[in-house]
2 protein chains.
Amino acid sequence: MVIKMRNKYMKIQEDLAEHIRKGRIKPGDLLPSENELCETYSASRETIRKALKMLAEDGYIHKVQGKGSIVLDVSKFDFPISGLVSFKEVSKKMGHRAKTIVQQFGKILPTPELKSIIQVAEDDELWEVYRIREIDGEKIILDKDYLVKKVVPYLTKEICENSIYEFLEGELGLTISFAKKEITMEEPTEEDRNFLDLDGFHSIVVVKNFVYLDDASMFQYTESRHRPDKFRFVDFARRK
Amino acid sequence: MVIKMRNKYMKIQEDLAEHIRKGRIKPGDLLPSENELCETYSASRETIRKALKMLAEDGYIHKVQGKGSIVLDVSKFDFPISGLVSFKEVSKKMGHRAKTIVQQFGKILPTPELKSIIQVAEDDELWEVYRIREIDGEKIILDKDYLVKKVVPYLTKEICENSIYEFLEGELGLTISFAKKEITMEEPTEEDRNFLDLDGFHSIVVVKNFVYLDDASMFQYTESRHRPDKFRFVDFARRK
DNA sequence: AAGTGGTCTAGACCACGCA
DNA sequence: GCGTGGTCTAGACCACTTG
């Protein structure tokens, strides 16, 4: 178990989520009222509400004033790949035979283009890593990573073959806090054609990822270039 | 002004957001501490925290325990088209000369495929609306909408030429509460080729939208088919 | 009218960053 | 050790849905 549950409201959230996933409370039904949950978990109402708010954000329930919390059909919202999820996490979920090939690994000085994307000085070195993701024997994704060396002083090819994220968070103790993601379509470049099994495809899905640390400084830029047939992005949105 | 600000925490959130947007507090700076803000706004700490939480979710600030709330560079996060945004809202923002052509309008009985997507009975009629979106004279997007007639008893071609969302929320008083969005790439169909200016493009970005009402029942399914060169999706994500 | 969720308060203690 | 944000409490009143 990776997820720690030090806090009361997290435990409550996990417990309720478990109930919903296991189908002990059925979609369409109402959750017990907040006051009832206060008694069940021996917690104050604000604490219960915090747990319910997280469940709502994750698409487990929907709250209606004066009525209650409606349980949603979680099975409908399969594979919410929204948010920050690394390839390793995704491929684990999908159960595919996935493989990563580190195609390029080294240090570079920022090109003018990179300098405008990541906010770094002229002489701030960057790690440049190209990784090819193979699923069921086909080269599907090309990941181009750029990391600020000042923040990540140490990196090896072996680490890149596993998960860079795991290394950064586990070994280096860095806290990745938020990211901006941008999805567009592009013509495949020469590079794409060389590294990927593009067959007859005439376009590439480009996911640009701007990753920030806890102190709100950007330290990583990733360009994920996907063969279009294997790409899928799911998002759960609430109207404000 | 569309947004109502009945609540204290919303007013505080709006006020702080305004300060940040106007640059009165600069990116990288810290917001006043929560206790200071309590005094400034004569509010309790939980109320201030609720306002700050919303600012954090919208990407205005980033909170660090023991340190404070760092102001982010909002101008970096341009066009957050994430969430539920209708074509009319988007085209207004973009300032493009946009036009909508209602290509098809009528009532149908659900095909087996539609029945499995929207949960409706065999004899529940659906509105079927095809709309073509023209930007700068080019046919870029094909929107295929299916709405449950039991929920939307009345609809006209004229309404579809404007915004269906505005009509549903304004006139009918329906509350759209959440949606699941799915982005994939497909080969263009015969339909796509007929209705859109596809030129040499060999793929189509398909955005499937499953829209739910306040009572957690699905009432609309929309398939938005975009020419790939004009497509862009932006998402702001936080690591949990 | 009763019960639900939504907002707000005042106060307490904890975990973390920094000097 | 101080000040920061993070969690939790108990109680109050409001807004909304339903019988």
Side-chain angles (χ1 to χ4, degrees), chain A residues 4-16 25 28-57 60-72 173-175 177-178 213-217 238-240, chain B residues 4-16 25 28-57 60-72 173-175 177-178 213-217 238-240:
Chain A
K4 283 176 228 165
M5 297 186 293
R6 290 190 304 277
N7 303 322
K8 201 166 188 176
Y9 74 89
M10 283 186 190
K11 281 182 199 155
I12 296 170
Q13 190 255 5
E14 245 319 301
D15 191 57
L16 289 172
I25 314 175
D29 285 359
L30 291 176
L31 234 51
S33 78
E34 295 183 350
N35 283 316
E36 287 178 78
L37 290 172
C38 288
E39 296 211 349
T40 311
Y41 291 103
S42 311
S44 78
R45 201 166 143 232
E46 285 290 355
T47 302
I48 295 292
R49 285 176 58 71
K50 207 177 281 186
L52 293 188
K53 199 177 178 207
M54 293 178 73
L55 287 174
E57 277 166 7
Y60 279 96
I61 62 170
H62 179 63
K63 306 181 83 179
V64 182
Q65 192 173 49
K67 213 172 165 190
S69 298
I70 303 167
V71 175
L72 302 182
L174 288 178
T175 309
S177 62
F178 61 94
L213 287 179
D214 224 15
D215 63 353
S217 69
R238 279 175 186 286
R239 187 98 172 152
K240 298 204 172 167
Chain B
K4 284 176 231 166
M5 294 185 296
R6 291 190 304 277
N7 303 323
K8 201 166 187 175
Y9 75 90
M10 283 185 189
K11 282 182 199 157
I12 297 170
Q13 191 254 4
E14 246 318 303
D15 192 59
L16 289 171
I25 314 174
D29 286 0
L30 292 177
L31 233 50
S33 78
E34 295 183 351
N35 283 318
E36 287 178 76
L37 291 173
C38 289
E39 297 211 349
T40 311
Y41 291 102
S42 309
S44 77
R45 202 167 141 230
E46 285 290 356
T47 303
I48 295 293
R49 284 176 58 71
K50 207 177 280 188
L52 294 187
K53 198 176 179 208
M54 293 177 73
L55 287 174
E57 276 166 6
Y60 280 95
I61 62 169
H62 179 63
K63 306 181 84 178
V64 183
Q65 192 172 51
K67 211 172 167 192
S69 298
I70 303 167
V71 175
L72 302 181
L174 288 177
T175 309
S177 61
F178 60 94
L213 287 180
D214 224 16
D215 64 351
S217 69
R238 279 176 186 285
R239 188 96 172 155
K240 301 203 175 170

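Predicted, not measured: the structure shown is a model, and the values here were computed from it. Below, chain A is the first sequence line, B the second, and so on; all start at residue 1.
- A search for side chain to side chain contact (heavy atoms under 4.5 Å, CB included) contacts involving B:T40 returns nothing, not counting sequence neighbours.
- By the side chain to side chain contact (heavy atoms under 4.5 Å, CB included) test, A:E46 is found to be paired with A:S44, A:R49, residues two or more places apart in sequence or in another chain being considered.
- Taking B:E36 as the reference, B:P32, B:S33 meet the side chain to side chain contact (heavy atoms under 4.5 Å, CB included) condition, with sequence neighbours excluded.
- When the side-chain hydrogen bond (donor to acceptor under 3.5 Å, both in side chains) test is applied to B:Y9, no partner is found at least two apart in sequence or on another chain.
- With rounding to the nearest 0.5 angstrom, the NZ atom of A:K50 is 7.5 Å from the NZ atom of B:K53.
- Here A:N35 pairs with nothing under the side-chain hydrogen bond (donor to acceptor under 3.5 Å, both in side chains) rule; sequence neighbours left out.
- A distance of 7.5 Å separates CG of A:L72 from NE2 of A:H62, quoted to the nearest 0.5 Å.
- Between chain B and DNA chain C, the heavy-atom contact criterion of under 4.0 Å yields a 5' to 3' nucleotide range of C:dT7 to C:dC18.
- DNA chain D lies under 4.0 Å from at least one heavy atom of each of the following residues of residues 39-51 of chain B: B:R45, B:E46, B:R49.
- Taking all atoms of both residues into account, the shortest heavy-atom contact from B:L52 to B:K63 is CB-NZ, 3.9 Å.
- Residues satisfying the side chain to side chain contact (heavy atoms under 4.5 Å, CB included) criterion with B:I70, sequence neighbours excluded, are A:A216, B:L30, B:V64.
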Exercise for the section: Indicate for each nucleotide in nucleotides 14-19 of chain D, in 5' to 3' sequence, whether protein heavy atoms under 4.0 Å reach the base (B), only the sugar-phosphate (S), or nothing (-). Expected result: -BBSS-

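- For B:D15, the side-chain hydrogen bond (donor to acceptor under 3.5 Å, both in side chains) partners are B:Y41, not counting sequence neighbours.
- The CG atom of B:L30 sits 12 Å away from the C1' atom of D:dG5 (whole-angstrom rounding).
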